[in-house]
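Taking it in order: structure first as structure tokens, then the write-up.
We count residues from 1, following the sequence as given.
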Amino acid sequence: MTAGSESVLELLPMVFADPGEALAGARELLRAAPPPLHASVAHQVIGIWQRDFGDLRLALRHLRRARDLAARAGSAEREADVLATLGVALVHAGRTRQGLAAFEQGVARGTGHTRARVLYRRAYVWWVLGRHREALEDVRRAVPVLRQADDVIWTARALTLRATVHLALGAGPRADADFTAAQALWDTTGQEHDKADAVESRGLAAFRQGDIPAALRLLDEAEERYAKLGTPTFMLNIRRCEVLMAAGLAPEALAEADGAIAELDRLGGQSTRKAELLLVAARAARLAEDPRTAIARAAQAVRLFAGQRRAWWETHARLVLIEARAATGRRSARLVADAAEVARRLAAFGSPAAPEASLLAGRIALALGRPEEAERHLAVAARSRAGGPPLARMTGWAAQALRARAAGSDRGVLEACRRGLDVLDDHRMTLGASELRARATAQGAELAALAQQAALASGEPRRLLTWSERWRATVLSAPPTRPPADPALLSGLTAFREIAARAEQARQDGHPVPALEREQRRLEREIRSRTLHLRGDAPGGGDRFDAGRLLSRLGDTRLVELAVVDGRVHVLLCGQGRVRRFAAGRLAEAVVEAEHVQAGLRRLAHPGAAARLPLVEAAGRRLEELLLGPAARHLGTGPLVVVPPGSLHRVPWALLPSLRERVVSVSPSASSWLRARETRPPQDGRQVLVRGPGLATGGAEVPQLADRYGAPTVLEGDAAHVSAVLRALDGAGLAHLAAHGAFRADSPLFSSLTMADGPLIVHDFERLARSPYRIILSCCDTARFASVGADELLGLVTALLPLGTAGVVACSAPVNDEAVVPLMLALHKGLGAGLSLAEALRDARAALPGDAIHQATGWAFSAFGAA
């Protein structure tokens with residue numbers, strides 16, 4: 001490092017091009033005992049690095065030293081520049097008054113180009129403080145001077161900041177224009193950190209415009225850029241948490257926010273960033289239905305923001321605090337007044353969150369029996385239904401629905417709910433990943449519940465059926481966007497499979513596998529990340545449910561849809577041209593009973609547990625009373641389709657006494673059953689038999705089935721590797737897979753079937769052009785799902801149904817491998833006689849021996865769909 005002024009000053013832009021090199025250069029310069037002016041630059045560089053990436057206390061020490069050295073050198077311009085840097089650090093440290101005073105001195109000391117840079121940094125501080133009008137005014141004064149000086153870097157920074165402020169104020173088109181102009185400037189520079197920040201900002205803009213896949217892709221790209229520079233990413237953490245919450249991934253957002261807070265505390269980093277992370281953690285906890293954690297995080301954020309004199313941020317934190325308190329059941333006039341005051345202040349700030357606060361105030365007022373006061377607040381919130389991002393419009397329609405309910409207008413409630421859920425449909429169909437589509441439906445849970453309550457009150461069972469279908473299993477209405485040509489995703493899937501297979505082999509050999517498990521988790525995150533980036537290409541929200549069409553297609557079949565309203569199960573019995581409603585038991589009791597049944601089936605899969613059989617049968621009788629109630633006596637004698645809510649997906653329906661001798665199939669929704677019923681089989685009708693490794697029986701049914709079908713495609717041993725299995729399955733008429741199954745409750749789309757080269761996961765099936773028309777999964781736990789969103793299911797069966805599969809036989813519990821063989825042989829015998837999957841499964845159960853193991857095995861399997 002030479003001692004020339006120009007080379008020394010090059011250290012400053014280098015902090016945002018290559019931070020590590022800039023830090024090393026500054027330290028090297030100080031070791032050479034430079035003159036005060038140059039030493040001032042070196043201390044400023046170290047101060048900036050510590051402020052943004054390290055210990056804020058050290059940053060303040062170096063920046064004060066830089067200020068003193070600039071004064072000693074007699075350079076007013078140098079002193080002004082350092083004062084601006086110091087002002088930012090002081091504000092980030094929570095010393096807002098001192099920071100603003102430093103800026104006043106900096107503006108007074110600087111002239112021309114230097115003053116413009118000081119004004120830009122003060123504008124940034126105004127943005128941090130939530131004082132957006134002041135921020136825009138300082139940028140307005142700075143940009144012309146920076147442009148006149150041909151200062152590309154600082155002009156691009158100012159434009160990026162102005163775009164960010166425009167986003168905070170809801171001015172998307174203005175933000176777009178500034179981001180585009182800034183990006184063009186960054187492309188002419190070598191400022192790698194600033195470039196990463198620009199990508200991050202574009203991710204924020206995509207999110208504000210409702211494009212979640214693009215936001216996730218851009219934020220992941222920014223993180224990769226930051227990682228190459230070795231810099232922390234606390235602002236990016238905050239923005240990604242916001243996107244994750246909008247995507248329905250609140251638990252993940254909470255984990256990321258809490259992890260970032262811990263890292264910030266370890267580094268001794270910015271107090272302002274900690275407050276912002278606490279706010280986002282509070283919001284995530286509230287959405288994750290953890291109000292106590294939300295209260296703790298929000299209260300701490302309120303205290304920090306207040307101490308930092310950041311009124312805009314403090315008000316947003318108070319909104320979350322009130323929401324969390326209301327979620328614990330607290331209702332009071334004081335809480336209404338607090339929410340109303342927060343709404344007023346947010347509106348004064350121009351915050352898009354203002355309607356949420358008005359909705360909250362109205363909702364609490366209604367709960368307190370104060371309709372006139374509620375109407376005032378709800379009317380304000382309802383204005384947001386006219387425009388803005390999807391979630392803001394849904395807030396407006398929720399407020400309108402509550403207004404209609406308070407006015408006693410069921411028609412008004414249903415219209416508002418319809419309009420709001422239409423907005424949600426349009427939004428979720430921009431998402432390509434089935435997981436995001438499913439989780440996004442949680443945003444419409446309140447609207448759907450209000451509609452069901454109104455439909456029930458109308459006394460018209462057909463209307464309740466229609467609204468129960470309106471928000472049930474909507475993710476199955478269109479197949480997920482598939483990226484078969486994405487080489488990075490295919491490479492990641494192959495690497496994941498190899499690592500997972502190695503880890504499983506090591507476990508079987510009794511060897512520790514922490515390194516392999518870490519790599520497996522990393523690959524899972526990478527695969528999931530790439531699938532979440534996919535943008536949807538399906539128009540609209542899928543076909544609308546038509547009760548008349550359902551009734552005309554049922555014929556001799558009866559369909560039972562279980563609707564849950566205010567915790568009570570209502571049985572909607574469809575058939576003979578009409579819909580009848582029967583009241584049954586409490587959902588919570590049925591869920592507990594279903595878990596008891598599953599525990600019993602798990603025990604009965606092993607010899608020596610026969611004494612538990614009467615207990616399981618008794619639980620089946622209790623389940624019937626809770627789930628069917630008096631409807632059990634009106635089911636007729638023909639085939640039956642059961643449409644349960646997501647929380648009851650593990651009920652073994654064949655165990656219920658009135659269903660044991662029946663032809664029963666299960667469907668996630670009546671709409672899904674209709675689509676399956678109308679799905680045509682492929683012309684070639686190929687049969688595919690797959691036998692995975694490690695089965696206790698060796699998949700004994702497969703050779704016998706191969707003889708029965710004559711010339712099926714048989715994949716076993718080393719030939720049963722994932723790529724070959726997928727090629728064979730694509731477009732097949734019938735597929736039978738005998739393999740070990742594993743359900744992943746933590747990440748359901750990584751639920752798997754074990755093949756010769758590792759796990760075949762749900763993400764693999766989603767790459768099929770058309771999944772088999774009929775598929776039999778002779779595997780444990782393949783009919784288990786994760787219940788997410790409003791009433792959606794994620795799992796293997798639900799991945800197959802939108803891809804062309806009309807019928808599936810799968811198992812909801814671990815089963816005895818040997819007992820599965822006769823069940824499967826009998827099932828295929830029925831299929832050979834022309835029976836449907838549900839008919840063949842009914843007859844196969846009846847043909848089993850009467851011992852406890854075989855009975856439990858038969859009950860654990862269910863038929864899904866309509867083939």
Side-chain angles (χ1 to χ4, degrees), residues 448-449 451-473 545-551 553-594 597 619-674 787 790-791 793 838 862-864 866:
Q452 281 191 304
Q453 290 163 0
L456 178 62
S458 74
E460 299 179 24
R462 187 179 290 209
R463 178 176 286 180
L464 179 56
L465 172 66
T466 299
W467 278 101
S468 295
E469 279 292 300
R470 182 67 179 80
W471 68 311
R472 175 169 286 178
F545 173 73
D546 182 340
R549 176 166 157 254
L550 171 68
L551 293 171
R553 297 290 289 159
L554 280 172
D556 294 335
T557 301
R558 299 289 180 272
L559 184 142
V560 166
E561 177 145 339
L562 303 182
V564 180
V565 183
D566 294 330
R568 172 74 65 179
V569 178
H570 296 268
V571 183
L572 300 173
L573 178 58
C574 308
Q576 296 180 310
R578 61 177 177 155
V579 180
R580 289 181 287 171
R581 182 184 68 85
F582 300 86
R586 303 294 299 179
L587 176 66
E589 295 177 31
V591 169
V592 171
E593 204 64 64
V597 166
R621 290 191 292 273
R622 290 192 294 273
L623 266 179
E624 178 168 303
E625 183 60 30
L626 288 166
L627 296 179
L628 298 180
R633 299 187 293 274
H634 300 273
L635 299 178
T637 59
L640 185 72
V641 180
V642 180
V643 179
S647 53
L648 294 175
H649 68 273
R650 295 193 68 192
V651 170
W653 297 98
L655 175 62
L656 276 58
S658 63
L659 305 187
R660 287 190 193 175
E661 309 301 323
R662 299 287 297 265
V663 174
V664 179
S665 59
V666 183
S667 182
S669 69
S671 300
S672 179
W673 181 83
L674 273 173
S787 181
D791 198 20
L793 296 171
S862 296
F864 296 83

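More than 12 heavy atoms of other residues, nucleotides or ligands lie within 6.0 Å of CD in Glu460, so this atom counts as buried by the packing criterion.
Shortest non-hydrogen contact noted between Val597 and Leu623 is CG2-CD1, 3.8 Å. For the residue pair Arg621 and Pro657, the shortest heavy atom distance occurs at CG-CG, 3.5 Å. The two residues Val560 and Leu640 have their closest heavy-atom pair at CG2-CD1, 3.8 Å. Shortest non-hydrogen contact noted between Ala584 and Glu625 is CB-O, 4.5 Å. The minimum heavy-atom distance linking Ala563 with Gln452 is given by the pair CB-NE2, 4.1 Å. The shortest non-hydrogen separation linking Val564 to Pro645 is CG2-CG, 3.9 Å.
Looking at heavy atoms from C-beta onward, Leu635 lies out of side-chain contact with Arg558 at the 4.5 angstrom threshold. Residues Val565 and Leu464 have side chains in contact (heavy-atom distance under 4.5 Å, counting atoms from C-beta outward). Within the 4.5 Å cutoff, the side chain of Arg581 has heavy atoms near those of the Leu456 side chain. The shortest distance between side-chain heavy atoms of Pro461 and Arg580 does not fall below 4.5 Å. At a threshold of 4.5 Å between non-hydrogen side-chain atoms, the residues Val641 and Thr557 count as touching. Contact of the Leu562 side chain with the Val643 side chain is not registered, since no non-hydrogen atoms from C-beta on lie closer than 4.5 Å. The closest side-chain heavy-atom distance from Asp556 to Thr637 is not below 4.5 Å. Taking 4.5 Å as the limit, every side-chain heavy atom of Pro644 sits out of range of all side-chain heavy atoms of Val651.
Rounding to the nearest 0.5 Å gives a distance of 9.5 Å between CG of Leu626 and CZ of Arg568. Distance check: Leu648 CG to Leu587 CG gives 5.5 Å after rounding to the nearest 0.5 Å. Atom CD of Glu561 is separated from atom OG of Ser667 by 9.0 Å, given to the nearest 0.5 angstrom.
In this structure Arg650 satisfies the salt bridge (charged side-chain N to carboxylate O under 4.0 Å, His left out) test with no other residue, sequence neighbours excluded. His570 pairs by the ring pair (Phe, Tyr, Trp, His ring centres under 6.0 Å) definition with nothing, not counting sequence neighbours.
Every pair passing ring pair (Phe, Tyr, Trp, His ring centres under 6.0 Å) that includes a residue from residues 642-673 is listed here, sequence neighbours excluded: His649-Phe785.
For Glu624 (side chain) and Ser658 (main-chain N/O), a donor-acceptor pair under 3.5 Å exists by modelled atom type. Although no hydrogens or angles enter the test, the distance criterion places a donor-acceptor pair under 3.5 Å between the side chain of Glu469 and the main chain of Ala670.
Each of Leu573, Leu465, Leu550 was checked for a side chain to side chain contact (heavy atoms under 4.5 Å, CB included) with Val579, and the lone residue meeting it is Leu465.
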